[in-house]
Amino acid sequence: MKHSARVRFAPSPTGHLHIGNARTAILNWLFARHVGGTFILRIEDTDPERSKSEYVNRIYEDLNWLGIQWDEGPDTEGEFGPYRQSMRFELYQRYANKLREEGKAYNCYCTPEELEQMRKDAVREGRQVTYNRKCLHLSDAEEQELIHAGRKPAVRFKVPEGQVEFEDVVKGTISFDVENIGDFVIMRAEGIPTYNFACVVDDSLMQISHVIRGDDHVSNTPRQILLTQALGMDVPLYAHIPMILGADRMRLSKRHGATSVDEYRAKGYIPEALINFLSLLSWSSQSGDEILSVDRLIKEFDFSRISKSAAVFNVEKLDWMNGQYIREMDVEKLTQLAIPFFDKAGYETTDYEKTKKIVAALQDKIDYLEQIIDQAKIFFQDHITIDETDARAVIRKDTSQKVFWSFLRELRNIDRIDVDIFRNIMKSVQKETGIMGRDLWMPIRVALTGKVHGPELPVVIELFGKDKCQRLVENIVGGYR
RNA sequence: GGCGCGUUCGUCUAGCGGUUAGGACGCCGGCCUCUCACGCCGGUAGCACGGGUUCGAGUCCCGUACGCGCUACCA
């Protein structure tokens, strides 16, 4: 019986953190924090074909950006390390030998080609496609012969007979008939452990209490339980969480658009919003609330409220939720987040107060930061072009010219302009011309921004300043084009 | 093919034998308003199918269909 929960997130370093993996990490982390347990980061880099060392840093970056801290991991102290499987090969070798010595595993000299042939034959004859145990009863002499012939053995686990049943924390009782599981390889011929083996050795040695992972692993679970038992170790609790799917209900992949945490960061999503959104995929708060702080997520985390079925990743809802976070955010903080996007677009940000006002004006018009580039464009152009049909129509109206002349006359009476002064001016213009409402405001908006939509006009005017306003309206007076 | 898991509005979900099947996103309409957006109000739409069990089934059981996963010397 373990006294405190120990959970692990065990990604393969194959690139940036995938959305699905991120959710697994989040749920592990939330659970660990909920029970005051330990959250461990373990890098599963046994496959040299797929894993790249530099990708480990990307995983760190993505996790850090999300605000997920691990208690034990490759870069921390910890009595259960090392936390990278590529540094634990001797361990796997040792345990594989142990199983072999105990008769629970055996050398297999079959080549991939032979295995493939056996599989084909089995399918053709309608038999089970499990390994036929050809190498189980090799005599010493036969084994020597194969070794002399240059064959390197893989190690296969001798699967015992019977049933494997376990109580999945989210899915309930799951049972398998072991006869459907063939003897599987635990050590590849090159001395590298396979996933199921390395995973079991590590989970056992690291004293993992709860294995929380995607439900694409349920079919691996009986293998892992059998191995754990063969090793004489304690079997952990398993919690298989539902997969995240694309709009076509297929496993989320590149074809579905942005699928890595990194891409959402680049577009200017808020980490807390992403965590909130991902948490709500297959989980819900009893309160029915949807906007939930990390503190609440930790407090309310509960396996019994995780649903059993897969969830489709719906970007529209993420956008809405992210927009909620942006709207609630302190302008100061939002400005800090927006500046890199302004810089990227080549917008001047040296006047911090001005930048802040622009951000404030746009705060409720964007769902994620990248959208502010388009929205802020009007504040950083000296000349305007009017190419929207609606905007041109506004300028062509007779009343618009009257508004412009009157507006310009009013401007002569002042030397600076702000929100209040502008409002007064508009009142005067209205009084003088008799024009009001849309016909009164739209011409000014189009003259200043070239567009028929945008932030509140008084705010735009103040940010532009008197001179720019005057210049732009003068440019258009007499008819644009 | 075998094995496993799953199936409530288009999507995310609530529901844990008795509900007009609730909420959220989206969409549509309205209000606010110089515009868009925000916000607010309202509307749209769902228990995969067939058998049981029960006085009563979205809820329990069994089938079927469909989907996904595993079936690798990938993880």
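Chain letters run A, B, ... following the sequence lines, proteins first, then strands; residues in each count from 1.
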The answer to which of D367(A) and G454(A) contacts RNA chain B further toward the 5' end, by nearest nucleotide, is G454(A)
With a 3.5 Å cut-off and just heavy-atom distances, do the side chain of R445(A) and the base of C34(B) make a donor-acceptor pair?
yes
Under 4.0 Å between a side-chain N or O of R188(A) and OP1 or OP2 of A75(B)?
yes
Are any of T130(A)'s side-chain N or O atoms less than 4.0 Å away from OP1 or OP2 of U71(B)?
no
Grab the CZ-C1' distance between R84(A) and A75(B) for me, whole Å please.
15 Å
For the residue pair R223(A) and F157(A), would you count it as a cation-pi contact if the rule is NZ or CZ under 6.0 angstrom from the ring centre and within 45 degrees of the ring axis?
no
Closest listed nucleotide, where the reference is the side chain of S219(A) and the choices are U11(B), G69(B), C73(B)
G69(B)
Should R251(A) be listed as having a side-chain N or O under 4.0 Å from OP1 or OP2 of C70(B)?
yes
Which is true for E456(A) with a 4.0 Å heavy-atom rule: it touches a base, it touches only sugar-phosphate, or it touches nothing?
base
Establish, with yes or no, whether the OP1 or OP2 oxygen of A72(B) is under 4.0 angstrom from a side-chain nitrogen or oxygen of R119(A).
yes
So, taking the atom named CZ in R23(A) and the one named NE2 in H18(A), what distance separates them when rounded to the nearest 0.5 Å?
10.0 Å
I need the F277(A) CZ to K317(A) NZ distance, nearest 0.5 Å.
7.5 Å
